[in-house]
Amino acid sequence: MAKQLTEVEELYHEAARHIMGPLRNYWLNHAFVRGLQWLRWNTAVTRLSEQVEDRDRIQAVFNKIRANQRTIIANLTQRELKFEITPTGPDDESIRAARLGEAILRDLHRNQRWEVVREEHMQGVCKGGTGALLIEIDPENNLPIVKPLSIAEFIVEPGSRNAETARWCIKVEALPPRTVKALFNMRKDPPSDAHAGLAPFQHRVLHHGFGNNSTIPELTKVLTYYERPMGKNKGGFKVIVDNKVIQSGKWPYPFTDRLPIAVARETVEENQWYGTTYLDDVRKVQVILNGIWSGIAEHAKELGTIRALFPASAEPYVEEMTDKPGFQPWPDGVPLPEYLEQPQLKNWYEAVLDRAALMIDDIMGVHDVSRGLAPPNIESGAGLSILAENDTSPTGRLVKETARCWREVSEMCLKIYQKTQVKERTVTVDTGFGPERFPHKGSDLSSEFEVRVPAEGLLPRSKIGMIQQADKMLQMGLITTPAQYIKVAELPGAE
């Protein structure tokens with residue numbers, strides 16, 4: 001007999017039906033980036049399925065997507081996050097509180113590896129069009145923790161146009177049973193139900209490498225439900241494991257006007273809280289590219305052996321031929337053997353490869369400048385900077401989304417820090433006269449603060465261009481000290 005679903009599980013299954021399209025695209029894009037590209041979406045069972053393999057045919061994969069995706073992520077994460085807090089007033093106390101907030105954010109950024117979290121977040125946004133940063137509170141030290149979630153790992157109330165201000169959200173995790181038991185102090189290991197409903201190929205996408213025949217790990221599905229206070233409803237949270245509520249409580253956050261998530265979208269989908277991604281379009285061209293390369297590989301396979309033509313009357317002499325140097329007898333009046341001329345591929349067939357690869361580059365916004373190559377006739381720093389600026393225009397919106405999400409995350413983290421850190425802690429604060437070790441509590445932060453993550457500081461720049469600009473400013477007298485030159489050129493030690 002099937003177990004009865006909890007209210008949270010019913011909400012999750014109902015909401016998942018509303019984003020079936022984005023989920024389908026996420027899993028397809030995830031598989032394509034990994035190199036599993038001979039597949040299809042089985043509409044009958046709404047799962048990924050592999051194409052029927054024909055051992056007599058070659059299924060080549062020329063993974064242009066992964067090469068370009070690495071370039072895009074490298075450009076998006078080239079420069080580290082910087083946090084600026086505007087003081088609430090001109091007095092020394094307000095300025096000191098703002099510098100304290102910046103120091104706390106730098107400390108969280110370093111200790112919790114926010115740059116790694118940022119890269120994982122951007123990967124999820126590029127694959128699924130939507131990705132979230134979820135802030136939770138560590139039960140050990142009450143510090144805020146930032147977790148990246150793909151669209152397959154979270155969901156919000158259907159019909160919401162703004163994910164952050166929706167009524168509720170659900171986080172989906174697949175954890176080892178023993179881990180779940182330890183986290184929630186359960187008496188016995190919960191069942192391994194995270195794979196329920198997955199097809200064999202989806203198991204391979206999730207857990208198997210190429211040529212890896214390892215067994216599928218046992219995983220338990222964990223749903224965490226957050227509902228923010230609205231009206232008479234006081235909100236709260238619930239944790240669901242094995243169709244049971246194993247943990248619940250009051251709303252744990254000091255803010256009530258939003259959920260503890262910041263959602264980024266690669267391309268905005270009007271009237272929806274989720275977005276789309278360029279990988280949805282690239283997949284179609286990648287399939288064409290793989291098909292052409294497979295045809296060329298089959299052509300080379302069939303014609304790899306050189307064939308010779310000779311008269312049937314000379315067959316006894318051909319059978320006696322060896323590869324030893326010397327003379328070979330041949331009957332008089334019989335034509336000599338001739339090599340069979342291999343058929344050549346048409347030029348237009350090979351040209352389609354270049355066109356398909358160029359189309360993928362255009363859709364993904366990756367060109368020579370993105371890969372660190374510049375035209376030979378452009379050598380000035382200004383020219384290189386202009387090229388780099390224009391080349392980053394497709395990813396410019398993602399940079400703005402990154403800055404917005406981390407600004408919201410920073411503000412939520414400081415609010416949590418202000419409420420939960422009642423014991424004295426120490427951070428290093430830049431007071432303007434050098435670093436200073438500053439003991440503090442959460443209450444030392446300003447009651448109101450505005451965090452800024454400059455988007456222009458996240459845009460990738462040409463290092464050679466920055467150095468040449470600094471040289472020109474030095475010649476014009478705009479730079480007068482080595483420290484100014486190092487800062488403008490962004491050399492090591494600029495901080």
Side-chain angles (χ1 to χ4, degrees), residues 19-54 57-73 75-76 122-131 150-152 199 201-202 204-206 210 265-270 272 274-299 345-368 370-371 391 393-395 397-398:
I19 61 168
M20 190 57 66
L23 284 175
R24 166 186 175 273
N25 287 327
Y26 170 79
W27 287 115
L28 282 169
N29 294 335
H30 180 74
F32 266 68
V33 171
R34 288 194 58 188
L36 302 172
Q37 298 178 359
W38 289 87
L39 49 83
R40 62 189 177 89
W41 183 263
N42 192 328
T43 56
V45 293
T46 62
R47 297 173 185 165
L48 282 178
S49 301
E50 283 187 290
Q51 294 282 11
V52 179
E53 185 177 1
D54 186 351
R57 305 298 302 272
I58 295 178
Q59 294 183 343
V61 173
F62 182 76
N63 200 349
K64 184 77 172 173
I65 291 180
R66 183 163 190 166
N68 284 356
Q69 185 69 7
R70 292 174 64 187
T71 301
I72 290 174
I73 296 299
N75 287 335
L76 288 173
M122 285 293 98
Q123 287 280 11
V125 173
C126 292
K127 290 179 182 178
T130 309
S150 69
I151 194 171
F201 177 71
Q202 285 178 296
R204 181 184 175 194
V205 171
L206 285 171
F210 300 101
R265 296 177 289 177
E266 198 280 323
T267 301
V268 172
E269 187 78 8
E270 61 272 15
Q272 300 292 346
Y274 54 81
T276 57
T277 173
Y278 52 81
L279 288 181
D280 300 342
D281 300 321
V282 173
R283 287 200 320 266
K284 305 175 181 65
V285 187
Q286 180 69 58
V287 169
I288 296 174
L289 196 63
N290 291 340
I292 296 174
W293 272 113
S294 299
I296 292 177
E298 288 186 345
H299 182 84
L345 289 173
K346 298 295 184 181
N347 293 334
W348 65 264
Y349 190 77
E350 296 181 1
V352 175
L353 287 173
D354 296 332
R355 294 179 183 178
L358 182 60
M359 188 178 297
I360 291 177
D361 289 343
D362 287 341
I363 295 174
M364 301 185 73
V366 177
H367 305 96
D368 288 342
S370 309
R371 303 182 181 98
D391 185 67
S393 56
T395 57
R397 188 187 174 281
L398 268 182

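Just so it is clear, the model here is predicted, and its values are computed rather than measured. Values below: every heavy atom of this structure, side chains too, minus hydrogens, waters and symmetry copies.
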Does [X] reach the main-chain N or O of [Y] with its side chain, forming a donor-acceptor pair under 3.5 Å?
| X | Y | answer |
| --- | --- | --- |
| Asn63 | Val33 | yes |
| Thr277 | Lys127 | no |
| Thr130 | Gly275 | yes |
| Ser294 | Ala60 | yes |

Heavy-atom side-chain contact between [X] and [Y] under 4.5 Å:
| X | Y | answer |
| --- | --- | --- |
| Lys284 | Ile288 | no |
| Val282 | Lys64 | no |
| Tyr278 | Asn68 | no |
| Val61 | Trp38 | yes |

Which distance, rounded to the nearest 0.5 Å, do you find between the [atom1] of [X] and the [atom2] of [Y]?
| X | Y | atom1 | atom2 | answer |
| --- | --- | --- | --- | --- |
| Met359 | Gln286 | CE | CD | 12.5 Å |
| Ile72 | Cys126 | CD1 | SG | 6.0 Å |
| Asp281 | Ile360 | CG | CD1 | 11.5 Å |
| Leu76 | Thr71 | CG | OG1 | 11.0 Å |

How far apart are the closest heavy atoms of [X] and [Y], and which atoms are they?
| X | Y | result |
| --- | --- | --- |
| Arg265 | Leu398 | O-CD2, 4.5 Å |
| Ile151 | Leu23 | O-CD2, 3.7 Å |
| Val268 | Arg397 | CG2-NH2, 2.8 Å |
| Ser150 | Gly124 | CB-CA, 4.4 Å |

Test Ile65 against every option in Leu279, Asn29, Val285 by the side-chain contact (heavy atoms from CB on, under 4.5 Å) rule and name the one that passes.
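Among Leu279, Asn29, Val285, the one meeting side-chain contact (heavy atoms from CB on, under 4.5 Å) with Ile65 is Leu279.
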Test side chain to side chain contact (heavy atoms under 4.5 Å, CB included) on Gln69 and Met364; report intermediate values, then the result.
CA-CA 8 Å; Gln69 185 69 7; Met364 301 185 73; 3.8 Å; yes
Side chain to side chain contact (heavy atoms under 4.5 Å, CB included) between Asn25 and Arg283, intermediate numbers included:
CA-CA 10 Å; Asn25 287 327; Arg283 287 200 320 266; 3.4 Å; yes
Taking only residues two or more places apart in sequence or in another chain, which ones pass ring-ring contact (aromatic ring centres under 6.0 Å, His included) with Phe62?
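Counting only residues at least two positions away or on another chain, Phe62 forms a ring-ring contact (aromatic ring centres under 6.0 Å, His included) with Trp293.
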For Tyr274, check side-chain hydrogen bond (donor to acceptor under 3.5 Å, both in side chains) against everything at least two apart and list the hits.
none
Anything under 30° is parallel, anything over 60° is perpendicular, the rest tilted; go ahead and classify His30 against Trp27.
perpendicular
